[in-house]
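Below is one structure, written out as structure tokens, with a few remarks after it.
In what follows, chains are A, B, ... by sequence order, proteins preceding strands, each numbered from 1. Please read these numbers as outputs of a predicted model, since none were measured by experiment.
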Amino acid sequence: MIRSVYILGQEGDVLYSKEYAKSESKASLVEFLVNLVQFLKSMDLEGKTEFMNVSISRIFFAQRELFTFVFIADKADDAVQIEDKMTQLVETFMKDFANLATAKQPLDGFDSKVDEIAVTMVKVAILGFAGVGKTTTLHLLRGETLPLVHDPTIGVSIKRLPEEVQNANIVLWDLAGQSRFSILWAKMIANAQVVVIVTDSTLENVLRSKKLVTLVKDEVPEAKVIGIANKQDLPTALTPERVGQILSIPTYELVAIDISYRDRLIQIIRKSILEGKAEIKAA
Amino acid sequence: MPEAAFIVQLDDFQGFIVKKRHPSSLALTETMLNLVFFEHQQGEEEAIRDSDIEGMRIASFAMEVFPGWTVCFVLNEDDVLEEISEELTGMGRFMLELMNADPESLEIEEILAKKSSMPAVDDEQKAAAIFMTPSSALLLERLHTEGVESTAKLSMWLKNQIQSENVDLLEAITPLMDSGLVTVEIIGKLETAFLMKDVFPHRAPPVKSFKATSVAHPNLMPRYEEYLKSFFSPDPPTRGYNPTLPVTDPNSPILEDREKIARILSNSIYYAVLDCLRNGPLRLGQIASQISFPDGVVQGALWAMEAERIVANFEEEGVWALITNPKMEIFMPEFILPIIASKLEEKKVGSDTARRYLELLVQTWSE
């Protein structure tokens, strides 16, 4: 995935930057990029995109006129795909924003263009204790028939949402809820943009789930966290409002075995992704 | 020995990705990958783990420096893990290092056939890790003057030095403990850190390589001698390399050089290449065949070390030679004994702490 995007001017000044996920420390990266710009002055890339491996990252760079364009991606990424995205970025920038950048004007509207090009995946982690209906929620989101037999998840089950949301592929990480797998939770929610904490709406489970909210806030503070008050069809269910009060996160009602909740749930996730983006921008 | 293996990475977005597998027909399920990964989260990371999953016996290996990556060997019925675990560990290390350096060149079949292996990180590399973490190097300096100190006081001191509350003492002290330089024990009610060993990072003249050159490549000697002279004892007024000069300036070139040395030594591939050259000059192909890494990877390591004035290329002969030998020399911190005596006299440490310190030093340094 593309972890961050940088556009630098002739003197190595950062004209635009955006981080989608953690990579190298930003300060040392910028210093490296400034040196890269200086180095590229003596080179002619002939309009091509080149890359180099640095630690676990692969740094793709291209030059047009006075500008240097950089993607920080992973070594595992498909180089051809990233090069295509670089071409799109360069063309978009040169066509509509190069003059603004030269005049040191704000690049209004460029951010969303970068999102369209660079955002490829949004990770939504589904977390909760065993038997609360996480996998059923996953099936509901994917519009799949529910299995008749409960088959506990081992580790993590990763599936895509069939629909795209805001030009992003939504990857759903359904984490095993059994306590023996709890050692995996912190690692598995890394880089999640949205974490959905599923409860079965019983008082006992909701109180236990407070620990999950703390874990998520510690491990992925930038993620948007929402609660799901599942099994609302059962007589022992607390109301979503009460569950939300206990967990201190926005919480929504659900009956995961009822297909009519699907669209509503997708809307909630869509809203969370957008709110998450807006919060990052505001920060 | 196993004839099938695969390398899997846990990507934060896409989940488990099988990066390489041999044979290509090897069928793997998400459950298998999950269980293998889970095994490695339960304890010490750099170890072989044995799992029986869906009728397959899998020995898996992971390293802390490559989080999310696992090498898995599919064991045959007659494989006894205890007998081959060392070999598998070496091959696992080799595959992960190569996967990081040059994934395209990694061929599992070839590695299994040749049993290409990489040794564990040695003491020199562990010591080098101290200088890769600035707060660890700072702690070491503090222990040079204190010898023994409670971890609570060290933590406060470090926070004060770094001017930040977000200092993790454990992170800073771990490289010192891993390398055996520092031992932490509870004395009374206090968690106490003891300096057991000290380290002197420097570039030594490559004596062994120089002597070997005089026998194997006498034609190189005049130029080789010139390289060494220009670095260690150039004609005045230029000063040669002297790492023993006392430094107080954190921007001192000697301190900067210490970090360069540490960076080279802590890179396992650079270190393997360097270690080959300590015995004498070699051609690129000879190094590559000794350490089983592809020519391109070895070439990259040589260029990186050439830029740091560690190796030189004798182009006409097609030979690479060591011109400075980066070392982490570990020695007993005798200078600490009078400090402890005076701290005891001034009642800055208790007699039980001082006695325990001496016991630990005797244990560490007695033959």
Side-chain angles (χ1 to χ4, degrees), chain A residues 1-3 20-23 25 28 52-58 73-79 81 119-125 151-160 168-176 178-194 219-220 223, chain B residues 7-20 28-45 51 53-54 62-70 96-106 132-134 166 259 263 266-267 269 296-297 300-301 303-304:
Chain A
M1 67 163 297
I2 292 171
R3 291 182 177 264
Y20 292 99
K22 280 178 203 160
S23 54
S25 113
S28 56
M52 65 172 84
N53 295 329
V54 176
S55 180
I56 55 163
S57 305
R58 184 166 276 179
D74 295 331
K75 268 187 188 168
D77 287 327
D78 180 352
Q81 210 175 59
V119 173
T120 46
M121 282 188 198
V122 171
K123 176 173 172 180
V124 176
D151 185 11
T153 306
I154 303 290
V156 63
S157 167
I158 299 157
K159 299 276 186 305
R160 288 200 180 191
N169 290 314
I170 310 295
V171 188
L172 302 161
W173 284 51
D174 168 23
L175 275 68
Q178 294 170 62
S179 52
R180 71 179 176 125
F181 290 117
S182 61
I183 51 171
L184 300 179
W185 293 343
K187 278 203 170 124
M188 295 291 189
I189 58 175
N191 278 320
Q193 275 104 318
V194 177
E219 294 295 329
V220 273
Chain B
I7 303 172
V8 61
Q9 183 203 8
L10 177 67
D11 179 87
D12 281 349
F13 287 82
Q14 300 174 73
F16 294 105
I17 305 170
V18 178
K19 293 288 188 177
K20 300 269 176 181
L28 302 165
T29 64
E30 193 179 46
T31 305
M32 288 167 77
L33 303 178
N34 263 301
L35 288 174
V36 164
F37 182 78
F38 176 60
E39 278 296 319
H40 283 278
Q41 303 307 306
Q42 299 187 78
E44 202 186 324
E45 275 245 339
S51 327
I53 307 168
E54 296 181 5
M63 287 168 82
E64 220 171 335
V65 284
F66 301 117
W69 288 84
T70 315
L96 290 179
E97 289 286 353
L98 186 53
M99 204 65 209
N100 181 52
D102 185 12
E104 284 82 13
S105 68
L106 191 148
M132 300 294 288
T133 315
N166 300 324
E259 280 165 26
R263 204 163 42 241
S266 29
N267 181 310
I269 295 177
V297 173
W303 281 337

Can you tell me which portion of A:V156 sits under 4.5 Å from chain B's heavy atoms? Options are side chain, backbone, both or neither.
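Both backbone and side chain of A:V156 come within 4.5 Å of chain B.
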
Please round to the nearest 0.5 Å and tell me the distance separating atom CD of A:Q193 and atom CZ of B:F13.
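Separation between the atoms: 5.0 Å.
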
Point-to-point distance, once rounded to the nearest 0.5 Å, from CG of B:D11 to NZ of A:K123:
8.5 Å

Show the nearest heavy-atom pair for residues A:K187 and B:F37, with the distance to one decimal.
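In terms of heavy atoms, the two residues are closest at CD-CZ, 4.1 Å.
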
Show the nearest heavy-atom pair for residues B:L35 and A:I154, with the distance to one decimal.
CD2-CG2, 3.5 Å

Highest number of heavy-atom pairs under 4.5 Å with chain B: which of A:T153, A:V171, A:L184?
A:L184

Checking B:L33 against chain A: side chain, backbone, both or neither under 4.5 Å from a heavy atom?
neither

Is there a donor-acceptor contact under 3.5 Å from the side chain of B:E30 to the main chain of A:I158?
yes

